Asks: 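Before I ask anything, here is the structure I am working with.
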Amino acid sequence: MATLILSRPPHNSALLRRIRVTVDGRQVAGLRPGRSASVTVESGQHVVQASLDWTRSEALTVRVGDEETVALEVSCPVRAYWQTWTAPSRALDIRRV
């Protein structure tokens, strides 16, 4: 088994909202600012995505080895206010840290 550590920075847009995180299409966390969650997954390749209402991040493909821990950060940047209308499928950010 492997572990994904999902986190959201404390100073972020949408302060009162949870960003939902899915792994392989299954919701695994709802992160408020400054919070994190640990998710156990099978080793191998996984698709991780963040969403908030109708906006989302681009899908991030992550490969994790057996007993490996991978840290990911999701955020709602200020530019998301504009991208909510112009590019909702990539308004949120998700990155490996």
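Because the structure is predicted, anything quoted here is derived from the model rather than measured.
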Asks: Please report the interatomic distance CG(D53) to CG(L92), rounded to the nearest 0.5 Å.
Replies: 9.5 Å

Asks: Looking at R8 and P33, what are the two nearest heavy atoms and their distance?
Replies: NH1-CD, 3.5 Å

Asks: Inspect the surroundings of CD in E68 and state if more than 12 heavy atoms from other residues, nucleotides or ligands are less than 6.0 Å away.
Replies: yes

Asks: Which atom pair, heavy atoms only, marks the closest approach of L6 to A29?
Replies: CD1-CB, 4.1 Å

Asks: Name all pairs fulfilling the side-chain hydrogen bond (donor to acceptor under 3.5 Å, both in side chains) condition that reach into residues 28-45, sequence neighbours left out, sorted by first residue then second.
Replies: Q45-R63

Asks: Quick one: side chain to side chain contact (heavy atoms under 4.5 Å, CB included) partners of D24, sequence neighbours excluded?
Replies: H46, V47

Asks: Tell me if a side-chain donor or acceptor on D93 pairs with a main-chain N or O of V74 at a distance below 3.5 Å.
Replies: no

Asks: Drop me the distance from R20's CZ to L52's CG, to the nearest 0.5 angstrom.
Replies: 6.5 Å

Asks: Do S51 and T22 come close enough that some side-chain heavy atom pair is under 4.5 Å?
Replies: no

Asks: If you measure from OG1 on T61 to CD on Q49, what distance do you get to the nearest 0.5 Å?
Replies: 10.0 Å

Asks: Tell me, please, which residues at least two apart from E73 pass side chain to side chain donor-acceptor pair (under 3.5 Å).
Replies: R95

